[in-house]
Q: 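Can you keep this structure in mind? I'll have questions shortly.
Numbers for residues simply follow the sequence, beginning at 1. What you see below is based on every heavy atom in this structure, not just the backbone, and it leaves out hydrogens, waters and symmetry mates. What you see is a predicted model, and the numbers here were worked out from it, not measured in a lab.
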Amino acid sequence: MPKVKTNRGAAKRFRRTASGYKRRQGFRSHILTKKSSKRKRQLRRPAYIAACDVAEVKQLLPYS
């Protein structure tokens, strides 16, 4: 059986943790003046992949 290739785009976006797959939050790169401090602060925290998408991410990252 040949090796399975890791999707390099997914490898840069998702990290495997004990509780699931961690991802970065969007909406934090520009036009920050109109966003509230609370909203920007909460966007700092990493988000997790939804349960319905975990199977797809596992396929993209076979060795994680």
Q: Quick check on the hydrophobic clustering: are Leu32 and Phe27 connected, directly or via other members, by side-chain heavy-atom contacts under 4.5 Å?
A: no
Q: Can you tell me if Lys40 uses its side chain to pair, donor with acceptor, with the backbone of Thr33 under 3.5 Å?
A: no
Q: What's the shortest heavy-atom distance between Gly20 and Arg16, and which atoms?
A: O-NH1, 3.3 Å
Q: If I take atom CD from residue Glu56 and atom CG from residue Leu61, how far apart are they, to the nearest 0.5 angstrom?
A: 11.0 Å
Q: Are the side chain of Lys22 and the backbone of Phe14 linked by a donor-acceptor contact shorter than 3.5 Å?
A: no
Q: State, with a plain yes or no, whether a side-chain heavy atom of Arg23 is found less than 4.5 Å away from one of Arg13.
A: no
Q: Taking distance alone, no hydrogens or angles, what donor-acceptor pairs closer than 3.5 Å link side-chain atoms of residues 41-53 to residues at least two apart or in another chain?
A:
none

Q: Answer yes or no: are there more than 12 heavy-atom neighbours, outside Gln25 itself, under 6.0 Å from its atom CD?
A: yes
Q: In the hydrophobic cluster built from side-chain contacts under 4.5 Å, what are the other members alongside Val4?
A: Tyr63
Q: Which residues satisfy the side chain to side chain donor-acceptor pair (under 3.5 Å) test with Ser64, sequence neighbours excluded?
A: Tyr21
Q: Once you round to the nearest 0.5 Å, how far does NZ of Lys12 lie from CG of Asn7?
A: 9.5 Å
